[in-house]
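Have a look at the structure below, then the notes.
Throughout, a chain's letter reflects where its sequence line sits, starting with A, and its residues are numbered from 1. This structure is a prediction, so every number in the text was calculated from the model and none was measured.
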Number of protein chains: 2
Amino acid sequence: MTTTNGSAVPRRAGIADVARLAGVSVGTVSNVLNRPDRVTEKTRSRVQAAIEELSFVRNASARQLRQGRNRTVGAIVLDITNPFFTEVVRGVEDRLAEDEYTLMLGSSDEDTVREERLLRRFEEQGVHGLLVTPSHTGIETLLRMRERGVTVVLLDRSSPVPDMASVAVDDVRGAVLAVAHLLEQGHERIAFLNGPLTIRQCVDRREGVLRALADAGRDPESLVEVTVESLNADHGARAMRDLLDGDAGATATFCVNDFTALGALRTLRERGLRCPQDMALVGYDDVSFAAELATPLTSVRQPTHEMGWRAADLLLTSAEPEQVLYQPELVVRASSGG
Amino acid sequence: MTTTNGSAVPRRAGIADVARLAGVSVGTVSNVLNRPDRVTEKTRSRVQAAIEELSFVRNASARQLRQGRNRTVGAIVLDITNPFFTEVVRGVEDRLAEDEYTLMLGSSDEDTVREERLLRRFEEQGVHGLLVTPSHTGIETLLRMRERGVTVVLLDRSSPVPDMASVAVDDVRGAVLAVAHLLEQGHERIAFLNGPLTIRQCVDRREGVLRALADAGRDPESLVEVTVESLNADHGARAMRDLLDGDAGATATFCVNDFTALGALRTLRERGLRCPQDMALVGYDDVSFAAELATPLTSVRQPTHEMGWRAADLLLTSAEPEQVLYQPELVVRASSGG
DNA sequence: GTGAAAGCGCTAACAG
DNA sequence: CTGTTAGCGCTTTCAC
């Protein structure tokens, strides 16, 4: 049975329905939608009326299939719950909105499986491009995706290869600022609550810590390193407990991020220790509430919103893969005795 | 010129290429992809090899176009930068991941234009469903979308009509808890830093405030209301300044959310006033850092992650539109003198 | 300025 | 178990 026309089921209206109602061809409707200038004012308004009438909504799948491209961008961050990423994502969103692009979002949780699944799914969706904070995924997967036509911009991670775009912030420098500051305050023995070295930031910040020590002529052995599994407050609290129990004699602690520092602060309070007198603290990220904590937290600020905005901008406009490296800034507050 | 086969341009591999390389038909490849059990082990592995070889990635547009449906869910929140929504979104994401759905995200910024644009775009994308925190958009737009086959679940807003699903938390009750608590602490004159009454939460919380007052037999006129334009720390700080300058004699302030309270706290500190002695404070949302502030903040906790999870779950599994209403919980800390 | 028709890449009957 | 084939809804030449 050929569906010549017939009284159709109450299905979603298509371009053909609009054409029929407006008494024009589908081609004309398509023109109204995509190149309104090529259509007479009169025809256009008639078509528009039909569109309203049927509350027609374009089918992006069909459109994309035909056009090949897509107005969607995928972003994969480590954890959307982390304010750092939240602000970056907001920057991304704001830039995408300017060009009417849609954001698809996923948190990888630093989990390779989850990350690769997201990558695959986004690619299937035919995203125009991808903004990724790779956790463990080698760059290879991303390079391969690029070969298949997906623009990739690394987020919060500088590219190891010259032909891939990236927007990052100099983490080594950030850590140098933090530790140099603590050394200037006269601290002799510094602890570093760091995350797993599978995370680039952790590696870089560690390098910065060591560099600051070296620059000041200190013995790298004087550094007390404690590893947290995950960069959140609970693990930070636990790490600070371990540190104190270890009795390593540190008088200042540099935390790999503010959440870790938040946890550390909690432990100090629980143990009745004062910050900065008994233990100075420096965090990283300068999250919104850093200034409002029980002890306002010294932290390293990064231009989060700007980073996201820029990354999306590179994705949408840049022909040549560009590598942007922002410089962090130390914000001194009470927790470091400044 | 018919493209019989020919040495194609280095274009992305399609199902046909895979079929050719594996020496089977496209139907078989499709079967391997979608119903592997209907294919011989041998054929399957041959096809799999071809897929690897060509690094074939399914084209979701084509797939969706054919299937009609889509494994994508759109979510529109007021502002992804707000931890409340961040956590809700994370819950959504976690539930979606279980069923291999992808999340499309947008912040409406309480801006009707932005919100409607997002709605339209998501619908065009053919999302399976939509999770929306409507700001000003009337329910009508959403009802119309539902008629066109998009499942809609209201997020953080209970449905005004019985046949639309929603996941919300009892905001009236939350405000009652907060204010009743302050009254119990002996405060006679209470201030309420509220946002614009165009936001549902603000309306509901205001109702709760008035109810608590009434329940305690207080004169509703004793309430000092200050309006903040936007629910962030800066506006909160300004509002507290106005409040203090107004000299209304309030000894306790209920803030419509924690960020507003954060700002209020900042102002108190700037003016050398102590919290809770000079001004008690209660916030709303119980964001992660509420407990770690200079003065740990009493706040109303909502099951954010759970709400997001549940909303996504309703979207994916529920036949009947269900309306879930969670109960908030007051978490008493130092800022209210508890 | 408008219409007719050929696919985009895939899935799902159905035939073999 | 595998192959053939007809569209999904839209855009886009190419005629008119």
Side-chain angles (χ1 to χ4, degrees), chain A residues 1-5 8-9 11-47 50-51 54 56-71 123-126 148-149, chain B residues 1-5 8-9 11-48 50-51 54-71 123-126 148-149:
Chain A
M1 193 224 282
T2 38
T3 312
T4 339
N5 113 355
V9 284
R11 203 166 173 82
R12 198 166 137 173
I15 206 177
D17 303 302
V18 175
R20 204 175 308 130
L21 182 60
V24 297
S25 75
V26 293
T28 301
V29 176
S30 177
N31 278 336
V32 170
L33 258 26
N34 305 300
R35 290 176 300 288
D37 43 304
R38 294 195 194 171
V39 183
T40 324
E41 169 59 37
K42 220 178 77 184
T43 328
R44 193 180 0 177
S45 60
R46 195 140 39 89
V47 171
I51 287 177
L54 298 170
F56 162 77
V57 177
R58 249 204 198 92
N59 179 327
S61 294
R63 189 177 199 207
Q64 284 160 207
L65 178 57
R66 185 58 232 244
Q67 293 191 151
R69 55 221 149 75
N70 187 171
R71 286 182 95 67
E123 188 176 2
E124 287 182 2
Q125 293 289 342
R148 282 180 243 122
Chain B
M1 192 223 284
T2 37
T3 312
T4 340
N5 116 351
V9 284
R11 199 160 177 91
R12 201 166 137 173
I15 208 177
D17 303 302
V18 174
R20 204 175 308 132
L21 181 60
V24 298
S25 75
V26 293
T28 302
V29 176
S30 176
N31 278 335
V32 170
L33 258 24
N34 305 302
R35 290 173 302 285
D37 44 303
R38 293 193 193 171
V39 183
T40 327
E41 169 61 36
K42 220 178 78 184
T43 328
R44 194 183 355 176
S45 60
R46 196 142 39 89
V47 172
Q48 285 293 7
I51 287 176
L54 298 170
S55 64
F56 162 78
V57 178
R58 248 202 199 96
N59 179 327
S61 295
R63 188 176 199 209
Q64 284 160 206
L65 177 58
R66 181 60 231 244
Q67 293 192 150
R69 53 219 151 78
N70 188 167
R71 289 184 94 68
E123 189 176 4
E124 286 182 3
Q125 293 290 341
R148 282 180 243 124

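Backbone-only contact: A:Thr43 has heavy atoms under 4.0 Å from sugar-phosphate atoms and none from a base. B:Gly14 comes within contact range of the sugar-phosphate backbone alone, with a heavy-atom separation under 4.0 Å but no base atom that close. Within the 4.0 angstrom heavy-atom criterion, only backbone atoms of the sugar-phosphate kind lie near B:Thr40; the bases stay farther away. Among the atoms of the strands shown, none is found under 4.0 Å from any heavy atom of B:Val29.
Considering only heavy atoms from C-beta on, B:Leu33 stays 4.5 Å or farther from B:Val47 through its side chain.
Rounded to whole angstrom, the span from the CD atom of A:Gln67 across to the P atom of D:dT11 amounts to 6 Å. One can place CZ of B:Arg20 at 13 Å from P of D:dT4, the figure rounded to the nearest angstrom. Summarising the geometry, the separation between CG on B:Asn70 and C1' on D:dG9 is reported as 14 Å, rounded to the nearest angstrom. One atom, CG of B:Leu65, and another, C1' of D:dC10, lie 8 Å apart when rounded to the nearest Å. When the P atom of D:dT5 is taken as reference, atom CG of B:Asn31 falls 16 Å away, rounded to whole Å. Atom CG in A:Asp37 sits roughly 9 Å away from atom P in C:dG1 (whole-Å rounding). Taking atom CZ of B:Arg66 as the reference point, atom C1' of C:dC10 lies 8 Å away to the nearest angstrom. As a whole-Å value, the separation of A:Leu33 CG from D:dC10 P is 8 Å.
Note on B:Arg35: every side-chain N or O is 4.0 Å or more away from OP1 and OP2 of C:dT11. Between A:Asn34 and D:dT11 there is a side-chain N or O to OP1 or OP2 distance below 4.0 Å. Of the side-chain N and O atoms in B:Arg58, one or more sit less than 4.0 angstrom from OP1 or OP2 of C:dT11. Within the structure, every side-chain polar atom (N or O) of B:Arg38 is placed at least 4.0 Å from both OP1 and OP2 of D:dC1. Put simply, A:Thr28 has a side-chain N or O that comes within less than 4.0 Å of OP1 or OP2 on C:dG3.
Each of B:Ser25 and B:Ala62 has a nearest nucleotide on DNA chain D; the 5'-most of these lies closest to B:Ser25.
In the set D:dT2, D:dT11, D:dG9, the nucleotide with an atom closest to the side chain of A:Asn59 is D:dG9. Nearest to the side-chain atoms of A:Phe56 among the listed nucleotides C:dC10, D:dC10, C:dA5 stands D:dC10. With distances taken from any side-chain atom of A:Ser30 to the nucleotides C:dT2, D:dT12, C:dC10, the minimum falls on D:dT12.
Annotation for A:Val24 and A:Thr43: closest pair CG1-CG2, 3.7 Å, computed over non-hydrogen atoms. Nearest approach of B:Ser61 to B:Asn59, heavy atoms of both residues: N-OD1, 2.8 Å.
Expressed to the nearest 0.5 Å, how far CD of B:Gln64 lies from CD of B:Gln125 amounts to 8.0 Å.
Not a single donor-acceptor pair under 3.5 Å links the side chain of A:Arg44 to the backbone N or O of A:Val32. Judged by distance alone, with hydrogens and angles left aside, the side-chain atoms of A:Arg58 form no donor-acceptor pair with the main-chain N or O of B:Glu124 at under 3.5 Å.
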